[in-house]
Structures are given as C-alpha cells and as structure tokens.
Amino acid sequence: MPGPLSGIRVVDVTTNVSGPSLTMILADLGAEIIKIERPDIGDDSRGMGPFWEGEGVYFLHINRNKQSVVIDLKKESGREIVYDLVKTADVFVENFRFQKAEKMGLGYERLKELNPSLVYCSLSAYGQDGPLCDRPGYDAIAQADSGIIGINGAEGAEIARVPVSVLDQGSAMWGAIGVISALFHKQKTGEGQLVTTSLYETGVFWVGYHMLSWLATGNEPKKNGAGHTAFAPYGAFHASDAPVMIGISNNSLFKRLCKVLGKEEWVEDPRYKNNPERVEHRENLRVAIENILQAKTADEWVQLLVDAGVPSSKVKKISEVVQDQQTEAIQMWTDVEHSTIKDFKLPRLPFELSSSPVSIQKAPPKLGGNTEEILNKLGYNKEQIEQLLNDGTIQIEAKKLESHK
C-alpha cells in the first residue's frame, strides 16, 4: 500500500543534516522528494565521512527515497526550473541562513505568488526574529546556546556536546510535524502557509523542565553525568567488565534493588529510607553499589535486576546495538538495494502505521541521478536540456551523462 503522504510532491533545497532529515521523514511517509543539489559537490553531507564505498555515511542515512536534481540556483535559468517545480508542488523546504532564500528569489512571498496553496517550511538556526536570527548555526553551536552542553556530562569532566545531532534531527521532527499539520489544514481549506522551526527553539524546548526547575527554585541545574537530579540511585554503575545503568524512582524499586544486591538492611537505613535522603547521600550509595557490582559482569547483573523488576541495562557500545536481538526483533534495519554498496541497510523511522506503511523503497540517489527525468516531466525537450547542460545550469549523473552524449 502507498504511504500516507503518497501523492504529495516536495521540492527540497536543503543541505547538511537538519533539512534533509526533515524531508527524509516525509519521504518515508510516501511523499515524492525532488532534492535540488549544487553542481559538482551537491549536498554538504555527501562529503561528510567516514565513507562507505565512496559514499558519506551522513548522506546515506538521511537521503533515502529521494530524487537528485542538480541545478545551479545562482543562475536565473536555474531558478526558473525551481519555479516550474514549485508550480507543481505541495511543499517547499529550505534551511538556508536567515533571509538567504529571499535574496535568491526563493522566499515564501515569492513562491506563494507562483503557488498560493504551497506549504513552505523554513528550518533555521535561531528562528525568524531576535538578535541571533541572522547567525549561521550548527547542532553543537545551538546545543551550547540553548543550555544543553551546559548541563551535559558530569561535574568536573570535560565539556561535551550530546554526540548525536539531537537539534538537527529534533528540529527536523518538529518541521515535519508542522508540514503535515499544514497539509491537513490545506486539505480542509485549500490554503497554504509558512511553517517555521529552528535548532534553537528545539533546544530551548528540550531543556524545558530544567528551566522550570530554575524558575521554581532559583538553583542552577547541575551536571549529573548519567545520573538524575530528582532520584537516587540513578545512573551508571561499574560492574566487573562494563557499566550498568540502573534507574530507581521510588521506594518499591529501591527495595527490589536491595534484595538483588543482598543489602536488604538498606531499606531501613536512615540515609536511604526515602528518595530525598538517598539523593542527599547519593555518593555513598554509588560507592557501596559499585563495590558489590564488581563481583559479576554487567550482563549477569542486568539479568538478575531485570528478573527482579528493576529498570536496568548494560551501557552498550554502538556495535552491540547494531547486532542486538531487540534491534532485530523490532526490524529496525531495512535491506536496501544500492548500486555500489553490497549488503546495504538503513535504520527505519522509529514508528509504524498499521494501514499505511512507512517504508524505505530506494537508496539515496547519486548526484544528479534524476535531473533529466524530472526536467522531462516538466516538459523540457531534448534541446532545452542540452542548452541547460552546456551553460552549466544543470548536471546529470556521470554515468547517465556518458550515455546522454
């Protein structure tokens, strides 16, 4: 069956991680994504290593189910092609620096003139207003600005960003929700609209309860490593071979933990009797727990803890997650045919729909692999395409270019 966004055409002029992640979500939901890329280098993420058979893994991860069309947007003839595409589109997505789209003739007001029902999504670094709105931004910079890095890691440890693109891909999620909401509005009213989101807005939202904590108490939130401000024992505790993550949020769970550890007397210990006391004496508790955990491996302890109903997990390496039985059981991996990579597979979106499947149908495109096909569908004839090729407005995938000649 077709995906829920089947029949929706998206013109995508995004690059790097945030915008392409947004359009990946729409693509997996069934939308047609026409990805506009720059001549020669294409999307920045094509050059982000490490590489798998010459393909950047960042690009491979977030550009499946798309078509690649190479157009030089600096040329008027290139922008005219985009205008032709916009007239046929439902959605336009950009993640340029603030006001760059307007300067290029690709801003919302200009494209709205061409297609009044267009849903236009602008994903920026800092939003549409304020003293920072015209700054360029990357995930780590926005993590710093929104306070995430300030509370990440452990006290006294080296400053560390969250080592995944939490704001790039988080803002992509909000952008996709905004686009889908706007499409629902369009279905009811026929009206298009402007959808905006940003890395900074996403970061500020993610730290929401930390901000409320400061407003409520006046105390600056502290770094807790793998721990938790409100609970103890809660965090990573070293077993004989690897850390074990344990989460105790109430007295009942603490009682179960004490039984597994052979320390049932802790339940009546004044230092540990209730959560506020355990939080106050968290360091004593951590040392005592780790001394006991040294007797067994992480896997052995996790089995005992899980059997007792105590929330816990081994702190796994990425290589372990790739091969984990749970990852396999929920079918997170999708095998995808790729022209140059053998046994290629990608992780699916982390949700499923029972009646309109979310799926990965095609590998990420080669640069310019769909340029000629899309122009043909727009009505450009062979002579026009030849002219655009000759003046550098467009490019065609190298292999296809040879056959074209």
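Being a predicted model, the structure only gives us computed values, none of them experimental.
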Which value, rounded to the nearest 0.5 Å, describes the distance between L5 atom CG and L29 atom CG? 5.0 Å
Closest approach of S356 to P4 (non-hydrogen atoms, all atoms of both residues): O-CD, 3.5 Å
Gap between atom CD of Q169 and atom CE of M24 - 0.5 Å precision: 6.0 Å
Please check this pair: side chain of N65 against backbone of K362, looking for a donor-acceptor N/O pair closer than 3.5 Å. yes
Roughly how far, to the nearest 0.5 Å, is OG1 of T197 from CE of M173? 10.5 Å
Show every donor-acceptor pair shorter than 3.5 Å between a side-chain atom in residues 234-243 and any protein atom, with sequence neighbours excluded, or say none if there are none.
| from | atom 1 | to | atom 2 | distance (Å) |
| --- | --- | --- | --- | --- |
| S240 | OG | K296 | O | 2.9 |
| S240 | OG | T297 | N | 3.4 |
| D241 | OD1 | A298 | N | 2.8 |

Which pairs, with at least one residue in residues 66-83 and sequence neighbours excluded, count as a side chain to side chain donor-acceptor pair (under 3.5 Å)? T23-K66, E32-Q67, E37-S68, N63-K66, E76-R79, S77-T393
State whether the side chain of T327 and the backbone N or O of Q323 hold a donor-acceptor pair below 3.5 Å, judged by distance alone. no
Just wondering, are more than 12 heavy atoms of other shown residues or ligands nearer than 6.0 Å to CZ in R110? yes
With a cut-off of 3.5 Å and sequence neighbours excluded, list every side-chain donor-acceptor pair involving residues 314-322.
| from | atom 1 | to | atom 2 | distance (Å) |
| --- | --- | --- | --- | --- |
| K314 | NZ | E320 | OE2 | 2.8 |
| K316 | NZ | D324 | OD2 | 2.7 |
| E320 | OE1 | K317 | N | 2.7 |

Separation of L26 CG from C121 SG (nearest 0.5 Å): 8.5 Å
Can you list everything that forms a side-chain hydrogen bond (donor to acceptor under 3.5 Å, both in side chains) with E277? Sequence neighbours excluded, please. none
Could you tell me whether the side chain of Q143 and the main chain of V162 form a donor-acceptor pair under 3.5 Å? yes
What residue pairs, at least two apart or across chains, pass salt bridge (Lys or Arg N to Asp or Glu O under 4.0 Å) with a residue in residues 96-107? none
Kindly give the heavy-atom pair with the smallest separation between Y126 and P136, and that separation in Å. CE1-O, 4.0 Å
Under 3.5 Å, is there a donor-acceptor pair between the N390 and E386 side chains? no
Residue pairs fulfilling salt bridge (Lys or Arg N to Asp or Glu O under 4.0 Å) with at least one residue in residues 179-189, sequence neighbours excluded: D90-K186
For atom CD of E155, decide whether the heavy atoms of other residues, nucleotides or ligands shown that lie under 6.0 angstrom number more than 12. yes
Are side-chain N/O atoms of T14 and N16 paired as donor and acceptor at under 3.5 Å? no
side-chain hydrogen bond (donor to acceptor under 3.5 Å, both in side chains) partners of R161, counting only residues at least two apart: none
For T340 and W52: C-alpha separation, side-chain torsions, deciding distance, then whether side-chain contact (heavy atoms from CB on, under 4.5 Å) applies. CA-CA 9 Å; T340 57; W52 193 355; over 6 Å; no
Between P39 and Q395, what is the shortest heavy-atom contact and its length? CB-NE2, 3.4 Å
Can you tell me how far OG of S21 sits from OH of Y58, rounded to the nearest 0.5 angstrom? 11.0 Å
Mark yes or no for whether D134, through its side chain, and F98, through its backbone, hold a donor-acceptor pair below 3.5 Å. no
Suppose we screen for side-chain hydrogen bond (donor to acceptor under 3.5 Å, both in side chains). Which residues come up paired with N152, at least two apart in sequence or across chains? none
Measure the acute angle between the ring planes of W174 and W206, then classify it against the limits of 30° and 60° as parallel, tilted or perpendicular. tilted
Can you confirm whether V82 sits close enough to L111 that some side-chain heavy atom of one is under 4.5 Å from a side-chain heavy atom of the other? no
I'd like to know if the side chain of S45 reaches the main chain of M48, judged simply by a donor and an acceptor atom lying under 3.5 Å from each other, with no hydrogens or angles considered. no
Scan the side chains in residues 345-354 for donor-acceptor partners under 3.5 Å anywhere in the protein, sequence neighbours excluded, and list what turns up.
| from | atom 1 | to | atom 2 | distance (Å) |
| --- | --- | --- | --- | --- |
| R348 | NE | Q331 | O | 3.0 |
| R348 | NH2 | I330 | O | 2.9 |

Kindly write out the residues that satisfy side-chain hydrogen bond (donor to acceptor under 3.5 Å, both in side chains) with R271, not counting sequence neighbours, or none if the list is empty. D269
Ignoring hydrogens and angles, write down the donor-acceptor pairs under 3.5 Å from the side chains of residues 222-231, residues two or more places apart or on other chains.
| from | atom 1 | to | atom 2 | distance (Å) |
| --- | --- | --- | --- | --- |
| N224 | ND2 | K222 | O | 3.0 |
| N224 | ND2 | T229 | OG1 | 2.9 |
| H228 | ND1 | A230 | N | 3.0 |

For a side chain to side chain contact (heavy atoms under 4.5 Å, CB included) with I394, tell me which candidate from V69, L375, V70, I374 qualifies. L375
Which value, rounded to the nearest 0.5 Å, describes the distance between I385 atom CD1 and I396 atom CD1? 6.5 Å
Does any N or O in the side chain of N274 come within less than 3.5 Å of the main-chain N or O of P276, such that one atom is a donor and the other an acceptor? no
Would you confirm whether N95, through its side chain, and T15, through its main-chain N or O, come within 3.5 Å as a donor-acceptor pair? yes
Donor-acceptor check, side chain of W301 to backbone of L293, threshold 3.5 angstrom: yes or no? yes
Please list every donor-acceptor pair under 3.5 Å in which a side-chain atom of residues 209-219 meets a protein atom from a residue at least two apart or in another chain.
| from | atom 1 | to | atom 2 | distance (Å) |
| --- | --- | --- | --- | --- |
| T217 | OG1 | S213 | O | 2.8 |
| T217 | OG1 | N219 | N | 3.0 |

Side-chain (E290) to main-chain (V287) donor-acceptor, under 3.5 angstrom: no
Under 4.5 Å between any side-chain heavy atoms of N275 and F254, yes or no? no
Please check if the number of heavy atoms outside Y108 that lie under 6.0 Å from its OH is greater than 12. yes
Check for a donor-acceptor pair, side chain of S312 on one end and backbone N or O of V310 on the other, with a separation under 3.5 Å. yes
